[in-house]
Amino acid sequence: MKPPVVVSVTGAAGQIGYALLFRIASGQLLGPDQPVILKLLEITPALDALGGVIMELHDCAFDLLADVQASDDAQVAFADTEVALLVGSRPRGPGMERKDLLEANAAIFSVQGRALDQVASRDVRVLVVGNPANTNCLIAQRNAPSLNPRQFTAMTRLDHNRAKAQLAEKVSTHVSRVTRLCIWGNHSATQYPDITNASVDGRAAGELVDAAWVSDTFIPSVQQRGAAIIKARGASSAASAANAAIEHMRDWLSGSGGEDVVSMGVCSDGSFDTEPGLIYSFPCHTTDCEWQIEQSWSIGEESRKRMMLTQAELIEERDAVRHLLPE
Ligand code: NAX
């Protein structure tokens, strides 16, 4: 048996946590021969509920689950962690302004960033799921100066998968035939789902759908898919979010392979004229715990406008919490 890998999950008693932990413990994140130790972080009032989830994890008698630990202290939950999934965050409460929400989460993610800096494995890979995911990721990353900024990413894989599914449905094909689409920018309603470089069965996607469908139906429905799920289900997406988190991390750790790209919120290096340092979603290639931004795509005028619009929102979010960002 290989030595176990430590995987930390925050917000573990929440609904995404409930859809995520069992898949990690059964080997769907790290593979069928890789034991895991789960270190779970929750706020103190949720520890009882988390205790119930842990009872269920034990009741599955997973071969690969070497240990499960729960804590309300990030220093404990991130000790020696190699894979950190930051799912928990503060939801918007009654009367809370957007700025208050950003600040409340900045406080959480600065503590968690510092803890990762101090106690995580030096090779840790971090995925931020909790919203506002890109800016929370920026805060955690900036509070972890001893780690490489490339070790921090934010999740736009759910948006990517949603876009793929919508396009496949429109052209009556299977999702596996759709490649090279991506989400640019923020995981929010300003995100830009882009099919201008996408292929379906080797044909340019733009030849198969008309421009009006892209701008009037496809882009808004991907941007608003989260709200549509809440409306239908009475609760936000959980299983599909957990699935996207598994795919994001699995592809990052083991490589997505081939010519296709995956969308990941990563620290901008200025690629495609984006603002360096922002956590911006790009089309990425992944190999063996590394990611590279796709560089060869051409960007049209309309795409450029949409990419800058979502960037403007990210700049606004960053500026709202700038006083909490260490230089
Ligand atoms: P839930 O409210 O069901 O669960 C969140 C859990 O986080 C709760 O159990 C809460 O006690 C815990 N928590 C709060 N503050 C914490 C802290 N400081 N430390 C540790 N745990 C803490 O939400 P859920 O549906 O699981 O969603 C979790 C987050 O994912 C939300 O912020 C949500 O907006 C975000 N999402 C992000 C997506 C993405 O694509 N990036 C998509 C799905 C989801 O909406």
Side-chain angles (χ1 to χ4, degrees), residues 8-21 39-54 70-78 81 84-93 96 98 101-116 126-140 143 152-163 183 185-189 191 193 222-231 233-249 262-266 279 281 314 317:
S8 300
V9 179
T10 77
Q15 50 152 8
I16 294 177
Y18 196 68
L20 187 59
L21 299 178
K39 296 195 177 180
L40 309 179
L41 182 69
E42 257 299 349
I43 51 172
T44 316
L47 285 177
D48 281 348
L50 183 57
V53 177
I54 292 175
S71 179
D72 55 3
D73 180 348
Q75 299 274 342
V76 175
F78 293 151
T81 190
L85 299 159
L86 310 191
V87 178
S89 74
R90 176 86 183 270
R92 198 180 208 135
M96 220 173 168
R98 185 178 161 77
L101 184 72
L102 282 162
E103 286 215 8
N105 279 300
I108 293 171
F109 284 82
S110 52
V111 169
Q112 294 186 0
R114 281 197 291 278
L116 286 163
V126 182
L127 168 62
V128 177
V129 175
N131 279 321
N134 301 52
T135 299
N136 288 343
C137 180
L138 176 70
I139 292 160
N143 280 280
F152 287 80
T153 60
M155 189 166 96
T156 51
R157 183 61 173 267
L158 178 56
D159 309 296
H160 179 102
N161 289 345
R162 287 167 171 169
I183 304 296
N186 201 2
H187 167 69
S188 76
Q191 66 177 261
V222 175
Q223 290 171 332
Q224 301 297 335
R225 183 71 164 182
I229 296 209
I230 292 174
K231 190 161 175 258
R233 206 172 87 85
S236 56
S237 24
S240 56
N243 178 65
I246 298 253
E247 290 188 342
H248 173 117
M249 207 36 114
V262 288
S263 299
M264 299 170 73
V266 297
I279 303 290
S281 179
L314 283 170
E317 289 184 10

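Predicted model only: the values in this text are computed from it and were never measured. For ligands, and for the atoms within them, numbers begin at 1 and follow the listed sequence. Here, residue 1 is the first one in the sequence, and each next residue gets the next number.
Listed by atom number, the atoms of ligand 1 under 4.0 Å from Ala241 heavy atoms are 43 (C). Taking every heavy atom of Gly130 and a limit of under 4.0 angstrom, the matching atoms of ligand 1 come to 29 (C), 30 (O), 32 (O). For ligand 1, the atoms closer than 4.0 angstrom to any heavy atom of Gly11 are 6 (C), 7 (O), 12 (C), 20 (C), 21 (N). Short contacts between ligand 1 and Ser236, defined as distances under 4.0 Å to a heavy atom of the residue, involve ligand atoms 25 (O). Atoms of ligand 1 found under 4.0 Å from any heavy atom of Val87 (numbered from 1 in listed order, with element): 28 (C), 29 (C), 30 (O).
In Arg157, neither the side chain nor the backbone holds a heavy atom less than 4.0 Å from any atom of ligand 1. Residue contacts with ligand 1, taken as heavy atom pairs separated by less than 4.0 Å, involve His187 solely via side-chain atoms from C-beta onward. The proximity of Ile108 to ligand 1, defined as any non-hydrogen pair under 4.0 Å, is limited to the side chain. Contacts with ligand 1 closer than 4.0 Å are made by heavy atoms of both the backbone and the side chain of Ser89. Only the side chain of Leu158 comes within 4.0 Å of ligand 1, judged by heavy-atom distances.
Ligand 1 is approached by Ala13 to a heavy-atom distance shorter than 4.0 Å.
Summary of contacts: the protein heavy atom closest to atom 10 (C) of ligand 1 is Glu42 OE1, 3.5 Å. In terms of protein heavy-atom proximity, atom 17 (C) of ligand 1 is nearest to Ile43 CG2, 3.6 Å. The single protein non-hydrogen atom nearest to atom 33 (C) of ligand 1 is Asn131 ND2, 3.6 Å, given as residue, atom name and distance. Distance from atom 37 (C) of ligand 1 to its nearest protein heavy atom, with residue and atom name: Val129 O, 3.0 Å. Nearest non-hydrogen protein atom to atom 19 (N) of ligand 1 is Gln112 NE2, 3.5 Å. Nearest protein heavy-atom neighbour of atom 4 (O) of ligand 1: Gly14 CA, 3.2 Å. Counting protein heavy atoms only, atom 30 (O) of ligand 1 is closest to Ile16 CD1, 3.5 Å.
The side chain to side chain donor-acceptor pair (under 3.5 Å) test applied to Asp159 returns His187, Gln191, not counting sequence neighbours.
Applying side chain to side chain contact (heavy atoms under 4.5 Å, CB included) to Ser8 and the options Thr81, Leu86, Leu116 leaves one that passes, Thr81.
For ligand 1, none of its N or O atoms has an N or O atom of Asp159 under 3.5 Å away. Distances between N or O atoms of Met155 and those of ligand 1 include at least one value under 3.5 Å.
Protein heavy atoms all stay at least 4.0 Å away from atom 2 (O) of ligand 1.
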Might you work through the side chain to side chain contact (heavy atoms under 4.5 Å, CB included) test for Leu21 and Leu40, ending with a clear yes or no?
CA-CA 9 Å; Leu21 299 178; Leu40 309 179; 3.7 Å; yes
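Nearest heavy atoms, Asn143 versus Ser110: ND2-CB, 3.3 Å. Annotation for Ala19 and Ala238: closest pair CB-O, 4.0 Å, computed over non-hydrogen atoms. For Gly130 against Asn136, the heavy-atom pair with the smallest separation is O-ND2, 2.9 Å. For the pair Ser89 and Asn131, the tightest heavy-atom approach, listed with the atom from each and the gap, is OG-O, 3.2 Å. The minimum heavy-atom distance between Ile54 and Ala70, with the atom names listed, is CD1-CB, 3.6 Å.
Checking Asn161 against Glu247 by side-chain atom types alone, a donor-acceptor pair falls below 3.5 Å. For the residue pair Asn105 / Arg90, no side-chain donor-acceptor distance below 3.5 Å is found, with atom types taken as modelled. The closest side-chain donor-acceptor pair between Ser240 and Arg225, if any, does not fall under 3.5 angstrom. Side-chain contact, Asp72 with Thr44: a donor N or O sits under 3.5 Å from an acceptor N or O.
To the nearest 0.5 Å, atom NZ of residue Lys231 and atom CD1 of residue Ile229 are 12.5 Å apart.
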